[in-house]
Amino acid sequence: MEENKKSLNFIEQMIEKDLEEGRHKTVVSRFPPEPNGYLHIGHAKSICLNFGLAEKYGGKCNLRFDDTDPEKEETKYVESIKDNIRWLGFDWEDREYYASDYFDQLYIWATDLIKKGKAYVDDLPADAFNKIKGTPARPGTPSPYRERSVEENLYLFSRMKEGAFEDGEKVLRAKIDLSSPNMHMRDPILYRIKHTAHHRTGSKWCIYPTYDMAHGQSDSIESITHSLCTLEFEVHRPLYEWLIENLEIYPSKQTEFARLNLSYTVVSKRSLRELVELGHVNGWDDPRMPTISGMKRRGFTPEAVKKFADTIGVARRNGLTDVAVLEHAVREDLNKKANRVFGIMNPLKVIITNWPEDKTEMLTAINNPEDPAAGTRKIPFTQEIYVDQGDFMENPPSPGKWFRLGPDREVRLKFAYIIKCTGYKKAEDGSIEELYAEYDPETKSGQDTGRKKVKGTLGWVSASYAINAEIRMYDRLFTTENMSAIKDDFKNHLNPDSLKIISNAVVEPSLKKAKVGDQVQFERIGYFRVDEDSTQDHLIFNRTVTLRDNRNK
RNA sequence: UGGCCUAUGGUGUAACUGGCAACACGUCUGAUUUUGGUUCAGAAGAGUCUAGGUUCGAGCCCUAGUAGGCCAACCA
């Protein structure tokens with residue numbers, strides 16, 4: 001019997017091999033954000049990877065803040081990062097760690113390296129060292145301070161810690177190899193002086209470990225079995241391993257994978273920050289932002305994001321993922337979950353001339369054809385209703401290509417009756433002002449005698465019961481597919497139509513009780529989410545994504 | 001320029017690690033449909049960057065080349 005086992009990605013293959021060969025009994029991974037900004041879709045990929053792997057193999061995934069640069073890090077980011085991970089549905093239980101928790105240990109390890117003659121205090125200013133450091137093609141030359149005695153190094157390093165020196169006056173360097181073709185092995189900095197308060201340790205320290213000094217050691221302290229990071233850290237791996245070896249500590253293993261690139265999207269903290277600060281978007285949680293909070297507000301669901309992460313997989317080659325994959329993931333999820341309702345973006349009044357002026361009939365509407373448990377609701381039908389302006393054409397093409405309204409054309413009003421357009425009124429500017437129609441009493445939804453078949457079905461809203469709503473139509477933020485290939489300023493590629501606000505839309509009365517966060521499908525239009533700006537008497541919907549549209553041919 | 005990494009339909013990933021390339025998205029057909037949605041059935045589309053080599057046999061191994069990515073921050 002063949003079971004179609006889903007194929008494994010290269011990391012899963014490595015893990016299963018490690019497990020089989022007894023190198024590890026379980027998986028301990030970690031998600032290590034630096035609390036200096038907000039999480040985005042790229043982080044989501046990493047979160048799903050790290051937590052997902054731990055889940056799959058019955059292991060654990062820690063949350064560890066990589067907070068070794070007090071100049072950039074803040075507590076507010078810590079909170080938002082935790083919120084985002086929780087929203088995605090992952091739980092780090094009590095394993096919330098901080099690299100700064102390990103500062104004491106890290107300091108001891110630094111002195112251990114000094115004692116082994118593997119680290120030294122260097123007085124050379126940054127630019128001076130960089131000058132003698134050489135280039136990838138040309139070896140560097142040693143700093144004049146490279147051969148200081150262990151005692152002197154130990155003394156100087158302790159003086160650094162005590163605050164005897166100014167920022168930048170001295171650094172602690174690993175003593176490795178000035179001629180290595182890997183620049184990270186040319187006596188990399190382990191500790192630097194920063195008289196800056198840290199968001200967690202306050203003013204306890206004025207020297208801080210660098211990423212290289214802190215990251216692998218933190219992994220080791222937490223007994224991380226598989227330390228996953230993005231490709232650009234590949235060149236750090238020899239240093240990662242050098243430190244573990246020379247410190248003789250638990251050998252966590254670093255494995256790199258390709259970061260996410262999304263079409264029509266920019267995913268870098270720097271660029272996203274610029275968009276916010278220059279006001280191109282309304283904050284980090286603007287629904288157009290690829291930040292987790294932005295996507296949440298837009299209407300993406302955790303399930304969709306996880307499904308997305310799952311489908312794109314993980315590999316070691318840099319590519320460009322089509323946003324269509326993300327959009328497909330939300331549609332798939334929302335199709336099952338979102339109730340259908342009627343909303344008219346650009347209302348066009350239709351007067352049903354043979355319907356009594358004061359009559360209201362309550363009709364039954366199905367909430368979600370994909371989910372019978374979602375039940376039904378009642379919607380009022382009256383003489384005057386709204387359909388969308390886009391659903392009428394004065395001179396429509398043949399009925400085979402145009403299923404909607406036109407002079408003498410018939411359509412079904414969903415859950416109601418079939419109507420025939422008997423006339424229309426034009427405004428002076430040529431626009432269509434209102435439509436006149438006649439309904440066929442024998443075509444009531446559910447009780448249709450079946451003598452009539454129409455191809456088109458329209459959504460509608462009773463004019464007397466309609467609720468006004470603001471609809472925010474979001475579209476991609478950029479017009480260029482591959483934003484990582486552009487050479488000019490990325491802001492030149494902004495999509496001027498990434499947000500179109502429709503302030504005079506009408507929606508069906510059942511939406512009166514809509515709450516922030518509710519997600520619906522406006523039939524034939526797309527999926528929408530009630531925005532946090534929404535109030536009791538001013539409903540605001542964000543368009544998450546349009547419906548798939550096959551009307552090309 | 002020195003080194004490291006990568007190279008499979010339009011896009012993202014597979015190929016039990018040598019046995020004539022699969023899945024998803026997208027595209028196109030048709031059916032169903034009281035959403036031009038969903039669902040269903042089907043199609044087109046790569047011979048695996050190039051050139052050698054090893055082998056009975058290579059997308060998987062070797063060599064060279066080409067292309068792309070990464071590295072010369074007291075950022076992570």
Side-chain angles (χ1 to χ4, degrees), chain A residues 4-9 13 32-34 36 66-69 71-73 122 125-126 129-130 133-140 167-173 180-184 186 188-194 207-208 210-212 214-215 229-238 256 258 263 269 310-329 331-332 335-336 340 342 366 369-370 401-404 411-416 418 443 445-446 448 453-459 481 484-485 521-526 546-553:
Chain A
N4 34 334
K5 206 166 46 173
K6 201 185 169 230
S7 56
L8 306 175
N9 63 49
Q13 291 179 13
E34 182 186 13
N36 70 342
D66 228 337
D67 55 351
T68 56
D69 185 358
E71 285 165 10
K72 294 177 182 159
E73 295 146 9
D122 187 12
F129 185 85
N130 291 337
K133 195 177 184 181
T135 68
R138 222 180 41 248
D167 286 11
E169 212 179 314
K170 287 181 166 44
V171 292
L172 182 74
R173 290 185 182 280
S180 170
N182 182 342
M183 296 300 284
H184 294 277
R186 323 254 266 225
I189 292 175
L190 264 20
Y191 264 90
R192 71 286 217 204
I193 299 169
K194 286 185 189 224
I207 56 171
Y208 293 93
T210 54
Y211 165 84
D212 292 300
H215 198 94
C229 61
T230 44
L231 249 28
E232 62 274 23
F233 289 96
E234 201 170 346
V235 282
H236 290 254
R237 185 164 15 112
E256 312 84 17
S263 62
K269 277 185 195 171
D310 197 51
T311 18
I312 59 173
V314 51
R316 279 181 69 82
R317 88 181 102 157
N318 277 311
L320 182 65
T321 297
D322 193 339
V323 266
V325 180
L326 215 207
E327 291 173 350
H328 174 262
R331 288 196 187 100
E332 190 179 43
N335 177 48
K336 292 177 302 194
R340 276 58 170 171
F342 289 138
I366 294 165
E370 303 297 315
K401 298 194 85 173
W402 178 257
F403 307 152
R404 298 173 249 174
V411 298
R412 160 157 311 270
L413 295 176
K414 192 162 184 174
F415 303 130
I418 289 177
T443 58
S445 189
D448 197 317
K453 273 286 176 220
V454 290
K455 191 86 174 84
T457 302
L458 265 42
E481 184 174 21
S484 52
Q521 179 199 106
F522 284 131
E523 296 232 16
R524 307 200 305 137
I525 303 173
T546 61
L547 249 33
R548 200 157 160 256
D549 187 0
N550 279 342
R551 71 184 67 166
N552 319 316
K553 216 175 176 182

Any residue meeting side chain to side chain donor-acceptor pair (under 3.5 Å) with A:D66, in chain and number order, not counting sequence neighbours: A:H215
Set of ring pair (Phe, Tyr, Trp, His ring centres under 6.0 Å) partners for A:F233, sequence neighbours left out: A:Y211, A:H236
At a cut-off of 3.5 Å, list every protein nitrogen or oxygen paired with a nitrogen or oxygen from nucleotides 38-46 of chain B, distance to 0.1 Å.
unit_1 : atom_1 : unit_2 : atom_2 : d
B:rU38 : OP1    : A:R548 : NH1    : 3.3
B:rU38 : OP2    : A:R548 : NH1    : 3.1
B:rU38 : O2'    : A:N335 : ND2    : 3.3
B:rU38 : O2'    : A:E370 : OE1    : 3.1
B:rU38 : O2'    : A:E370 : OE2    : 3.3

Any A:T443 side-chain heavy atom under 4.5 Å of A:R412 side chain: yes
Under the side-chain contact (heavy atoms from CB on, under 4.5 Å) test, residues paired with A:D310 that sit two or more places apart: A:K6
Partner residues of A:K455 under the side-chain contact (heavy atoms from CB on, under 4.5 Å) criterion, sequence neighbours left out: A:F403
Watson-Crick and G-U pairing of RNA chain B written in dot-bracket, each distance under 3.5 angstrom, with | for inter-strand partners: .((((((..((((.....[..)))).(((((.......))))).....(((((..]....))))))))))).....
Under 3.5 Å donor-acceptor pair, A:T321 side-chain atoms to B:rU11 base atoms: no
Partner residues of A:K269 under the side chain to side chain donor-acceptor pair (under 3.5 Å) criterion, sequence neighbours left out: A:N36
Partners passing side-chain contact (heavy atoms from CB on, under 4.5 Å) against A:K133 (at least two apart in sequence or in another chain): A:F129, A:N130, A:M183, A:R186
Nucleic acid footprint by protein, nucleotides 61-71 of chain B - heavy-atom cut-off 4.0 Å, B for base, S for sugar-phosphate alone: --------SSS
Non-neighbouring partners of A:Y191 that pass ring pair (Phe, Tyr, Trp, His ring centres under 6.0 Å), sequence neighbours left out: A:F157
With A:D122 via salt bridge (charged side-chain N to carboxylate O under 4.0 Å, His left out) - residues at least two apart: A:R173
Contacts of A:V235 that satisfy side-chain contact (heavy atoms from CB on, under 4.5 Å) - sequence neighbours left out: A:N182, A:H184
